[in-house]
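As the structure is a computational prediction, the values presented were derived from the model and not from experiment. Values below: every heavy atom of this structure, side chains too, minus hydrogens, waters and symmetry copies.
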Amino acid sequence: MKILVLSDSHGVLHFMRQCMDVIAPDAVIHLGDTVRDADALSAEYPGVRFFSIAGNCDDGRVPPEYPEVLVQDFMGNRVYMTHGHLHGVKMFLGKLLADGQQCGADIILYGHTHAADCCMDGGCLVMNPGAAGYGGSAGVIEIKGKGDFTAKIIRPWDLEDAK
């Protein structure tokens, strides 16, 4: 299973469309700051499952069915998803990691900072895909089974190399 992880698109869909065409994901996770962009992308790619989280720039602009935190299992791997503004991720990741670990997450995803990062912390994958709308970065997670996954950050030039 291939998952495209996006965040902070802020109305700019070009890079996200490129990712969809080149990566051909099975699922897309949009971590907020403009989830309406994920809605538009979902309409363009109806065969792909989308998971969307509300961010701080989505306040009052989206229906309440967009959660601020979502926990979903993918092939036996528990994924904790949030935008990050409620966890203070611009200062430190302690609250985010504690909340993710408390729910038994194997993968913790967040956005908000616009700074892409992907690392392992205590046996848990922690990823911020950066900003899809500004400069263009995204995350790709490939899951083969429980505890068997890889992850990477991609940028526009990675998509050019893949064509």
Side-chain angles (χ1 to χ4, degrees), residues 1-75 77-90 93 96 99-100 103 105-119 124-143 149-156 158-159 162:
M1 169 177 239
K2 196 180 298 184
I3 302 170
L4 176 63
V5 185
L6 304 165
S7 189
D8 298 276
S9 49
H10 296 285
V12 181
L13 281 80
H14 177 72
F15 176 69
M16 296 195 312
R17 287 183 179 115
Q18 285 181 309
C19 289
M20 293 297 294
D21 293 338
V22 174
I23 303 299
D26 301 299
V28 174
I29 297 170
H30 190 290
L31 298 168
D33 281 5
T34 315
V35 294
R36 294 277 189 216
D37 297 344
D39 293 343
L41 215 57
S42 176
E44 293 174 29
Y45 299 88
V48 179
R49 186 144 185 226
F50 278 73
F51 300 86
S52 298
I53 307 301
N56 59 299
C57 291
D58 293 313
D59 288 345
R61 297 185 184 112
V62 298
E65 65 262 16
Y66 288 97
E68 292 179 322
V69 173
L70 181 62
V71 178
Q72 181 75 36
D73 286 346
F74 293 91
M75 297 180 69
N77 298 282
R78 179 155 286 192
V79 180
Y80 182 89
M81 301 168 253
T82 189
H83 182 63
H85 62 294
L86 299 176
H87 292 83
V89 298
K90 286 188 176 180
L93 298 183
L96 172 74
D99 286 357
C103 78
D106 301 294
I107 300 171
I108 298 173
L109 304 175
Y110 71 103
H112 190 53
T113 67
H114 295 201
D117 189 33
C118 183
C119 65
C124 185
L125 171 68
V126 181
M127 175 188 277
N128 181 333
Y134 299 129
S137 66
V140 177
I141 302 172
E142 291 192 56
I143 301 176
F149 51 80
T150 59
K152 64 182 176 181
I153 299 295
I154 59 169
R155 304 206 187 277
D158 297 317
L159 299 177

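With hydrogens and angles ignored, the 3.5 Å screen pairs a side-chain donor or acceptor of Asp58 with a backbone N or O of Val35. At least one donor-acceptor pair closer than 3.5 Å links the side chain of Asn77 to the backbone N or O of Phe74. At least one donor-acceptor pair under 3.5 Å links the side chain of His83 to the backbone N or O of Leu31. Between the side chain of Thr82 and the backbone N or O of Glu68, at least one donor-acceptor pair lies under 3.5 Å. Asp106 places no side-chain N or O within 3.5 Å of a backbone atom of Cys124 that could act as its donor or acceptor partner.
One distance of note links CD1 of Ile107 with CD1 of Ile141; it measures 4.5 Å at 0.5 Å rounding. For the atom pair Ile154 CD1 and Ser137 OG, the distance stands at 8.5 Å (nearest 0.5 Å). Expressed to the nearest 0.5 Å, how far CE of Met81 lies from CZ of Phe51 amounts to 6.0 Å. The CG atom of Leu6 sits 12.5 Å away from atom CD1 of Ile53, with the distance rounded to the nearest 0.5 Å. Ile3 contributes atom CD1, which lies 13.0 Å from atom CD1 of Ile23 (distance to the nearest 0.5 angstrom).
Using a 4.5 Å heavy-atom cutoff, the side chains of Met127 and Ile153 are in contact.
The ring pair (Phe, Tyr, Trp, His ring centres under 6.0 Å) search around His10 returns His114, Tyr134, not counting sequence neighbours.
The two residues Arg17 and Tyr45 make their nearest non-hydrogen contact at O-OH, 3.6 Å. Nearest approach of Asn128 to Gly111, heavy atoms of both residues: ND2-O, 3.2 Å.
Asp99 and His87 share a side-chain donor-acceptor pair at under 3.5 Å. A donor atom on one side chain and an acceptor atom on the other are not found under 3.5 Å apart for Tyr110 and Asp117.
A salt bridge does not link Arg155 with Asp158: none of the charged nitrogens is closer than 4.0 Å to a carboxylate oxygen.
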